[in-house]
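These notes concern the structure reproduced below.
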Amino acid sequence: MTKHIFVTGGVVSSLGKGLNSASIGMLLESRGLKVGMQKFDPYVNVDPGTMSPFEHGEVYVTEDGAETDLDLGHYERFTNAEMNKCSNYTTGSIYYSVITKERRGEYLGKTIQVIPHITNEIKAAIRSTLSDDVDVVITEIGGITGDIESHPFVEAIRQFGQEIGRKNVLYIHLTLVPYLRAADEIKTKPTQHSVGMLRQLGIQPDIIICRTEKTLNNDIIDKIALFCNMDRDSIIEEQDVKTIIYEIPLILKDQGLDKIIIDKLHLADDKKIDSTTKYNERIYQWLSMINAFKTPTAEVQIAVVGKYIEHQSSYESIYESLIHGGIANRVKVIVKRIESEDVEKQSAEELLRGCCGILVPGGFGERGIGGKIETVRFARENKIPFFGLCLGLHCAVIEFAINVCGFNNANSTEFDVNTPDPVISLLEEQRHIEFKGGTMRLGAHPCKLMSGTSAYNAYNQELISERHRHRYEFNNEYKDILEEKGLVCSGVSPDGKLVEIVEIKDHPWFVAVQFHPEFKSKPTAPHPLFKEFINAARLIK
C-alpha cells in the first residue's frame, strides 16, 4: 500500500516547506523507494498561470503542460519524480471542480458544504497521485497552519489519515525557532503555539523540523518535545544552509530523518530498503555535486536582464540552472541581475561591462522590451556569449531584423499589432482568437536539431523534447531573408513549421530558444544548453 507524508508549516511563511519536501523525497529515493510529490496551494486562483510574477514568482510548467507552483521545480530538481497536472491543486481548482459538478447536477440536489464536499474533493486529489509503483507520496500543504485559507486542506489530510490508517500516514511540521539577538536567547514558544494550533485542528505531528540560525541545545530540544507531546528523537534541527540549498538533504540525513520516516511508516516491513551500495552511490553523487560547487577552478559573471528582476523567485529555475551549469564546468557563477527598463535609461555598455555571458529570460508584455533588444545588440556586436529563453528568442530575432537586415520597424505583434514587419507573430490559425485565450503552447514539444550547430553540439542528438509556455512564434515569412543575413534556424519542429532555436554565425556562442530549458535542469544532471553557455562564458574570460 502506498504510504503518505504530509508536510505542513507554521509561525511564518517562506520557511522552505518545498525544499524540505524535495529533500525528504531525495533521501527516500536514495533508499530505493519510488516517490511521488504533490503541492496544495490555499489561494483561490485556479492555477498560477495568470498570476503576476511579482505576486507569485515563477510559473513552473510540467511535461503535460500544467502551469504550477514553483515548488514543483524543487521537487523535480531534487528527485526523479515527474510532475504532472495531478501534482498541484489550489483552493480555486478544488472549488471550481465542486461547483462544476454541482451545476451538472452530480450531487442530486444536496446542499454543498465544505465538509464533506470540499474535503472529499481534496482527498480525491490526493488519491489522483496513486499508482502501483509509487511507495510514498509526499504532499506539501501551502500556507501557514492556522490561516483560514488552509483549514479545508488540513481537515482533509486529517480525515485521510483516519481512513487509510495512521500507520500509513506521517505528518511532518516545519516550524521556526527564532533567536533573539538582544536577549541572546532561542525561543520555543512560536513552535509550541504552532503545534498547538495543528493539534486543535486534529493533527498531532509525528516529526517537527525546526528551522533555526543557532544550534539547539539539549534543553531546547527537550522543551519542544515536552510541550509538543513528541518523542525527543522526532525533533529535527535544520540550521540555515550557508552555501547552497542542495545541502539540505545531507543536513536531514545526518540526523537520521530518513531512518525515522522508514521506521514510523513501517516501510521496512514490506519494502526492500536499500542501505548499502545504491544508497551510498546516490549520496556520493550528491556529495560530489556539492563539492564541485564549493571548489570552483574559475569564476564567471553572468548578466540576467529581465522584466521581473526585483522578485527573486520570478526566475527561480533559471538561477538554479545557471548554478547547475557552473557545477558541470567547476565554475563559480556570479549572477548580475539587471532590470531591462534600466538598460533603456542607461547605456548597455555601462550596465553589462565585465560580464562573461548574457541571458535574456522569458516574460510577457511590452514593458522593458527596448532594454532587452538593446541587450541582445550589445551581446551580438561584442561577441559575448548570449542565451535567450522564450521572449529572449523573440528579442533576438527582432534585434537581428532591425540592425542586420534593415527592417527598422520590425517587431512582434504582441507589442505592435500594426508593425509592417511582424518577424514574431501569432500563427495564422491563432489570429482570429487573439485575446480570447486558449492559444498558449504549453508543455513538452519535440524539436529537430541541425547538425554542426551549437545546439546540436550541446545535446549531441538530433531529436529533443523541451517544455514550452508561450503564444507568439517566429514568422516563417521572414525565415529566408534572415538566414541569408546569417541567422541560423538550428532547431525546428519535426514538421518544419515552427522555429524552436536560432543562432548567429561567426559568434562564440549565441543561442536563443523558444522553449524553457530551465525546467529540465538538475544539479546532478545540468541541462546541456546551460552547461555549454557557462562553458562558453568561461572560455571568453
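Quick caveat, the model's predicted, so the values are computed rather than measured.
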Other residues, nucleotides and ligands only: do more than 12 of their heavy atoms fall within 6.0 Å of CD on E55? no
Under a 3.5 Å distance rule, please check whether T62 uses its side chain to pair with a backbone N or O of N84 as donor and acceptor. no
Identify the heavy atoms of M37 and A81 that sit nearest to each other, and give their distance. CG-CB, 4.1 Å
Can a donor-acceptor pair be found, under 3.5 Å and without considering hydrogens, that links the side chain of S412 to the backbone of S425? no
Ring pair (Phe, Tyr, Trp, His ring centres under 6.0 Å), that's the test. Do F293 and Y246 meet it? Break it down for me. CA-CA 10 Å; F293 173 82; Y246 302 115; 8.3 Å; no
So for atom NZ, which belongs to K505, do other residues, nucleotides or ligands contribute more than 12 heavy atoms lying within a distance under 6.0 Å? no
Between P517 and V513 the two heavy atoms that sit nearest each other are CD-CG2, 3.8 Å
Tell me whether the rings of F407 and Y478 are parallel (<30°), tilted (30 to 60°) or perpendicular (>60°). perpendicular
Taking R441 first and then E500, would you say they form a salt bridge - that is, a charged N and a carboxylate O separated by under 4.0 Å? yes
Would the number of heavy atoms belonging to other residues, nucleotides or ligands and lying under 6.0 Å from NZ of K522 be above 12? yes
Apply the side chain to side chain donor-acceptor pair (under 3.5 Å) test between H394 and each candidate in E473, Q514, K372; give the one that qualifies. Q514
Smallest separation among heavy atoms of C405 and K485, with atom names: SG-CG, 3.6 Å
Does some side-chain heavy atom of F474 sit less than 4.5 Å from a side-chain heavy atom of L498? no
Taking the side chain as C-beta and beyond, is there a heavy-atom pair between V502 and L482 under 4.5 Å? no
Any side-chain heavy atom of S317 sitting closer than 4.5 Å to one from R77? yes
Does the side chain of W286 come within less than 4.5 Å of F78's, by heavy atoms? yes
Less than 4.0 angstrom from a charged side-chain N to a carboxylate O is my criterion; do E399 and R380 meet it? yes
Just by distance, do the side chain of E238 and the backbone of R211 share a donor-acceptor pair under 3.5 Å? no
Below 6.0 angstrom between ring centroids: does that apply to W509 and F386? no
Within 45° cone and under 6.0 Å: R377 NZ/CZ vs F400 ring: no
Go through F387 and F510 one step at a time and tell me if the ring pair (Phe, Tyr, Trp, His ring centres under 6.0 Å) criterion holds. CA-CA 6 Å; F387 196 9; F510 189 108; over 10 Å; no
Could you tell me whether a side-chain N or O of N475 sits under 3.5 Å from a main-chain N or O of P422, the two making a donor and an acceptor? yes
Okay, side chain of N291, backbone of L287: is any donor-acceptor separation there less than 3.5 Å? no
Find out whether D69 and Y89 are in side-chain contact, i.e. whether some heavy atom of one side chain is under 4.5 Å from a heavy atom of the other. no
Using the side chain to side chain donor-acceptor pair (under 3.5 Å) rule, pick out the option among R367, Q346, K307 that qualifies with E341. R367
Charged N to carboxylate O under 4.0 angstrom, K85 versus D64? no
Please determine if D258 and K253 form a salt bridge, counting it only when a charged side-chain N lies under 4.0 Å from a carboxylate O. no
Could you check whether any side-chain N or O of H324 sits under 3.5 Å from a backbone N or O of E320, counting only pairs where one atom can act as donor and the other as acceptor? yes
Charged N to carboxylate O under 4.0 angstrom, K242 versus E247? no
Can you confirm whether E381 is buried at CD, in the sense that more than 12 heavy atoms of other residues, nucleotides or ligands lie under 6.0 Å from that atom? yes
Of all residues at least two apart in sequence or in a different chain, which pass the side chain to side chain donor-acceptor pair (under 3.5 Å) check with E518? H516
Least distance between heavy atoms, V305 atom then P361 atom: O-CD, 3.0 Å
Could you label the plane-to-plane angle of the H468 and H445 rings as parallel, tilted or perpendicular, counting under 30° as parallel and over 60° as perpendicular? perpendicular
Under the 3.5 angstrom rule, does the side chain of E76 hit a backbone N or O of M83 as a donor-acceptor pair? yes
Using only atom types and a distance under 3.5 Å, with no angle test, would you say the side chain of T90 pairs donor to acceptor with the backbone of V46? yes
Is there a donor-acceptor contact under 3.5 Å from the side chain of E462 to the main chain of M450? no
Yes or no on side chain to side chain donor-acceptor pair (under 3.5 Å) for Q38 and N88, after CA distance, side-chain angles and deciding distance? CA-CA 6 Å; Q38 186 180 51; N88 192 199; over 6 Å; no
Short side-chain donor-acceptor distance under 3.5 Å, T419 and D421: no
Between S314 (side chain) and E58 (backbone), is there a donor-acceptor pair under 3.5 Å? no
